[in-house]
Amino acid sequence: MIKITLQPFGEISGKEIIRYTMCNDNGLRVSVINFGCSIQAILVPDHSGILRDVVLGYDDAHGYAAGSSFFGSLVGRYANRIGNARFTLNSKTYVLEQNDGGNHLHGVFARRICDGRIESDSVVFSFLSSPEEEGFPGALSVEVRYRLTEDNAVMIDYTATTDEDTVINLTNHTYFNLNGQDGSDVFDHTIQINADAFTEIGDDKLPTGRIISVEGTPMDFRRAKKIGADISRDDCRLQIASGYDHNMILNGQAGELRESAVAKGDRSGIIMHVSTTEPGAQFYTGSYIDEDTAPYGKNGIRYPRYGGFCFETQHYPDSVNHPLFPSTILRKGETYRQTTIYRFSVE
């Protein structure tokens with residue numbers, strides 16, 4: 001039976017932040033907060049039965065208010081980058097906030113204080129994004145549901161509707177370190193990604209529009225290998241991103257739930273299986289974690305560069321400006337839906 005408790009987590013801008021904690025009969029615990037719909041902790045029993053918190057973050061609301069790394073957050077309206085912070089929809093050009101050089105990156109949802117409620121085995125956050133927000137068209141009604149199962153799966157269901165044609169690309173920006181909160185890097189983690197191709201990026205980290213086979217490149221994770229195995233290779237694709245920060249084109253049919261990645265902590269024995277309905281996933285190895293604007297993370301740790309990895313299930317970056325990429329347009333009267341599952345085991 002899933003048990004859910006809630007407790008105060010501090011205040012941000014005079015508003016109370018609440019932490020909701022879900023626990024199953026296996027001892028796995030998941031905590032989420034109503035600031036940015038963020039995953040604040042996932043505690044998983046390791047091969048010795050010791051609980052390890054496998055996600056990066058902060059111990060209180062002040063850290064989330066001060067931080068800049070999107071630890072555990074919902075990002076949107078549009079995850080990843082939109083080139084030149086503009087796009088055209090229905091023959092009208094929309095100009096967005098430039099928050100990544102001349103581009104638009106992720107948006108403001110990660111800093112929103114949301115309404116939360118408990119429904120059976122789930123915690124549900126909801127909010128309304130106004131049509132003036134960041135320059136996107138249409139009022140967008142968003143709901144994010146976190147559910148914990150007895151087989152150690154953390155399920156995230158996203159839904160959204162709009163009163164006007166718009167674009168949307170939501171994801172969760174959790175950083176994982178399956179060894180726990182010891183301040184280590186993730187180079188010795190192994191990961192296998194079901195992706196035969198990736199989107200090429202230019203010097204601005206935006207897609208060029210070219211789809212590249214992973215064959216013979218550092219992006220080839222079709223067989224499990226250490227994250228650090230190729231990260232120091234003399235390869236321009238890695239140098240541009242100071243490591244991995246690339247959109248992997250996931251095998252299988254987008255819209256259908258299928259397993260997309262398997263990662264394992266080298267010291268904990270904790271394994272994470274990722275399944276999603278999305279066409280892609282941004283594989284990011286935390287090149288800038290050490291530049292986070294909060295003074296420290298959990299347990300007073302200053303997380304190092306490469307101290308965690310993200311597997312952000314989403315549509316491709318800058319899809320709004322690449323007609324051949326899967327569409328991110330949400331029409332009035334339609335419902336946006338996405339599901340991603342992180343399931344944990346140990347060996």
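Just so it is clear, the values below take in all heavy atoms, side chains as well, and ignore hydrogens, waters and symmetry mates. Keep in mind that what you see is a predicted model, and the values were worked out from it rather than measured. Sequence positions, counted from 1, serve as the residue numbers for this chain.
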- Message: Assess the residue pair Tyr306 and Phe187 against the criterion (ring pair (Phe, Tyr, Trp, His ring centres under 6.0 Å)); give the C-alpha distance rounded to whole Å, side-chain angles, the decisive distance to 0.1 Å, and a yes or no.
- Response: CA-CA 8 Å; Tyr306 310 119; Phe187 284 174; 5.1 Å; yes
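There is a side-chain donor-acceptor pair under 3.5 Å between Asn194 and Gln192. Side-chain contact, Asn247 with Thr199: a donor N or O sits under 3.5 Å from an acceptor N or O.
The aromatic rings of Phe198 and His246 sit perpendicular to each other, their planes meeting at more than 60°, with 30° as the lower class boundary. Below 30°, between 30° and 60°, or above 60°: for His322 and Phe325 the angle between ring planes is below 30°, a parallel geometry. Ring pair Phe309/His189 is perpendicular by interplanar angle, where above 60° counts as perpendicular and below 30° as parallel.
Legend: residues meeting side-chain contact (heavy atoms from CB on, under 4.5 Å) with Pro279, ordered by chain and number and at least two apart, are Ala254, His315, Tyr316, Pro326. Residues forming a ring pair (Phe, Tyr, Trp, His ring centres under 6.0 Å) with Tyr20 (at least two apart in sequence, or on another chain): Phe125.
Ion pairing between Glu278 and Arg258 fails under the 4.0 Å rule for side-chain N and carboxylate O. Glu215 has a carboxylate O that lies under 4.0 Å from a charged side-chain N of Arg222, or vice versa, which qualifies the two as a salt bridge. Salt-bridge check for Arg77 with Glu133: failed, with every basic side-chain N at 4.0 Å or more from each acidic carboxylate O. Between Arg147 and Asp157 there is no salt bridge, since no side-chain nitrogen of the basic residue lies less than 4.0 Å from a carboxylate oxygen of the acidic one.
Within the 6.0 Å centre-distance limit, the rings of Phe71 and Tyr58 are counted as a close aromatic pair.
The nearest pair of heavy atoms linking Ile227 to Tyr244 is O-CE1, 3.6 Å. Minimum heavy-atom separation, Ala110 to Phe35: O-CE2, 3.7 Å. Considering every non-hydrogen atom in both Ala153 and Ile341, the closest pair reads CB-CG2, 3.8 Å.
When each of Tyr78, Tyr284, Phe70 is checked for a ring pair (Phe, Tyr, Trp, His ring centres under 6.0 Å) with His106, only Phe70 meets the rule.
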